[in-house]
Amino acid sequence: METRRTTGLRAMQWAAIGAAVALFLGACAVDAPKPRAPEPEAAPSVEASNGRADALAWRERRYARLTEPYGWLSLVGLDFVEDGRWRVGVADDADISMPAGPDHWGELVVEGTRAHFEPASDAVSVDGRAGVPGMLVQPGRDEPVWVQAADVRFQIIERKGRLGVRTRWPRASTRTDFKGLDYFPFDPEWLVEARFEYHPPGTTMPVGSVLGDITQEPNLGVAVFEYRGETYRLEAVADEDDEELFFVFADRTTGRETYGAGRMLYAPMPDDNDCTVLDFNRAYNPPCTFTEYSTCPLPPPENRLDVRVTAGEKDYAGESGYLK
């Protein structure tokens with residue numbers, strides 16, 4: 001699933017919100033009495049101040065990851081391929097077109113779920129080795145195998161049993177003309193504690209994508225939280241051995257102030273009391289907000305919240321991406 005493991009904060013990074021989280025996790029909010037709201041003139045609480053500082057630091061990291069040379073903004077191609085030999089390069093007769101590099105990069109050979117690349121010259125490298133053929137699908141390997149020439153690189157991805165060539169280029173207009181990110185003001189009310197209710201082991205749920213695919217994703221459980229006296233639920237995409245919970249959701253701002261295909265959110269795994277923290281100030285747009293060459297998941301029906309989540313990332317001002 002797109003961004004599930006590549007954009008999430010790791011467990012050590014969640015320690016950065018320690019001060020705020022420690023105050024929240026003594027008991028789940030949905031089970032504990034609600035404190036009275038502070039008077040309007042009251043100074044910000046310690047946890048609110050810490051939460052705001054952490055959210056701003058998270059935004060900086062989010063921006064840096066998004067705009068790095070081969071980040072999501074650098075995508076310039078997504079070509080699904082079937083069995084056979086595919087010519088790759090800049091030349092007009094290429095089956096898979098590249099934006100820079102030699103006219104003839106070489107040939108991609110696809111056999112079922114196997115793919116290898118045969119470079120035409122030393123100007124093209126496979127996994128860092130110039131002119132040397134190599135396998136592009138290596139089971140058990142976490143990092144992609146890159147084929148690169150000049151400043152262009154591509155990798156093989158798999159979606160629903162299909163292999164695709166995903167190409168990245170730092171000079172992509174989506175990166176060079178990036179309009180920046182816009183956010184709602186930090187709101188401590190949207191830093192909420194939640195009770196986590198586990199589903200039976202092996203539970204899955206169907207999750208659609210912008211490509212029209214539907215996959216069965218692991219569904220560890222549901223996060224239950226309250227906001228202004230109302231109870232809401234978010235189904236988590238996660239396995240029990242994952243480092244974080246992952247959510248794709250929509251709300252009453254979706255398609256208005258926020259992106260029309262929903263937003264994403266990571267949260268810490270539940271603690272020993274089956275509690276977690278949902279910081280909607282860290283809700284962010286999926287890659288398909290910025291580029292049409294991504295394969296983002298869509299919010300399942302269970303995760304369409306009947307409330308305006310006025311926290312986190314707003315819709316992108318640029319013209320690229322799906323729904324633009």
Side-chain angles (χ1 to χ4, degrees), residues 1-9 58 61-63 65-68 70-80 144 154-169 172-175 178-183 204-219 234-239 242 244-251 253-267 280 282-305 309 312-324:
M1 172 166 291
E2 204 76 81
T3 78
R4 181 176 170 192
R5 298 183 185 276
T6 58
T7 63
L9 298 173
W58 178 87
R61 294 193 297 272
R62 155 79 171 153
Y63 184 91
R65 288 193 301 269
L66 189 61
T67 58
E68 62 187 12
Y70 293 99
W72 289 115
L73 297 179
S74 70
L75 268 60
V76 293
L78 178 60
D79 300 276
F80 285 98
F154 73 80
Q155 68 183 110
I156 296 295
I157 65 170
E158 185 273 332
R159 295 292 182 271
K160 292 282 288 184
R162 297 185 298 166
L163 297 186
V165 177
R166 171 173 280 165
T167 305
R168 302 177 188 245
W169 189 36
S173 61
T174 44
R175 181 171 181 267
F178 183 51
K179 304 299 183 184
L181 301 173
D182 190 18
Y183 291 88
T204 63
M205 68 176 177
V207 177
S209 79
V210 294
L211 295 181
D213 297 330
I214 297 179
T215 58
Q216 291 293 328
E217 296 294 335
N219 182 202
L234 282 179
E235 296 287 346
V237 175
D239 281 316
D242 282 343
E244 297 164 295
L245 302 171
F246 177 64
F247 305 91
V248 185
F249 72 94
D251 64 272
T253 70
T254 302
R256 298 176 176 86
E257 297 103 316
T258 61
Y259 183 54
R263 290 183 287 173
M264 298 176 171
L265 179 68
Y266 280 91
F280 287 94
R282 301 188 184 200
Y284 67 97
N285 289 326
C288 55
T289 312
F290 313 102
T291 174
E292 61 185 295
Y293 302 115
S294 60
T295 61
C296 302
L298 298 172
E302 299 87 346
N303 285 2
R304 299 178 184 275
L305 303 176
V309 180
E313 205 167 296
K314 292 184 177 181
D315 199 3
Y316 179 52
E319 296 298 325
S320 55
Y322 286 95
L323 306 183
K324 298 294 184 180

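Positions are given from 1 along the sequence.
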R304 atom CZ, over 12 foreign heavy atoms within 6.0 Å |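 Yes, because the 6.0 Å sphere around CZ of R304 holds more than 12 heavy atoms from other groups.
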Is the CD atom of E319 crowded by more than 12 outside heavy atoms at less than 6.0 Å?
->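 No, because the 6.0 Å sphere around CD of E319 holds 12 heavy atoms or fewer from other groups.
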Nearest heavy atoms of [X] and [Y], plus distance in Å:
{"X": "L245", "Y": "A238", "result": "CD2-CB, 4.0 Å"}
{"X": "V76", "Y": "A172", "result": "CG1-CB, 3.4 Å"}
{"X": "F249", "Y": "A283", "result": "CZ-CB, 3.8 Å"}
{"X": "A261", "Y": "T254", "result": "N-CG2, 4.5 Å"}
{"X": "P299", "Y": "G262", "result": "CG-CA, 4.0 Å"}
{"X": "P297", "Y": "V207", "result": "CB-CG1, 3.8 Å"}

In Å and rounded to the nearest 0.5 Å, what is the [atom1] to [atom2] distance from [X] to [Y]?
{"X": "T295", "Y": "I157", "atom1": "OG1", "atom2": "CD1", "result": "5.0 Å"}
{"X": "F80", "Y": "K160", "atom1": "CZ", "atom2": "NZ", "result": "12.0 Å"}
{"X": "E302", "Y": "L234", "atom1": "CD", "atom2": "CG", "result": "10.5 Å"}
{"X": "L181", "Y": "Y284", "atom1": "CG", "atom2": "OH", "result": "12.5 Å"}
{"X": "R168", "Y": "L75", "atom1": "CZ", "atom2": "CG", "result": "5.0 Å"}
{"X": "R263", "Y": "D315", "atom1": "CZ", "atom2": "CG", "result": "10.0 Å"}

Within the 4.5 Å heavy-atom criterion, are [X] and [Y] side-chain neighbours or not?
{"X": "F246", "Y": "M264", "value": "yes"}
{"X": "L211", "Y": "Y322", "value": "yes"}
{"X": "R62", "Y": "Y183", "value": "yes"}
{"X": "L66", "Y": "F290", "value": "yes"}
{"X": "L73", "Y": "T291", "value": "no"}

Under 3.5 Å: donor-acceptor pair, side chain of [X], backbone of [Y]:
{"X": "D251", "Y": "V309", "value": "yes"}
{"X": "N303", "Y": "V248", "value": "yes"}
{"X": "Y259", "Y": "E313", "value": "no"}

Could you tell me whether F178 and Y316 have their ring centroids closer than 6.0 angstrom?
->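 They qualify: ring centres under 6.0 Å apart.
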Does R175 count as lying over the ring of W72, i.e. NZ or CZ under 6.0 Å from the six-ring centre, within 45 degrees of the axis?
->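 No, cation not above the ring by the 6.0 Å, 45° rule.
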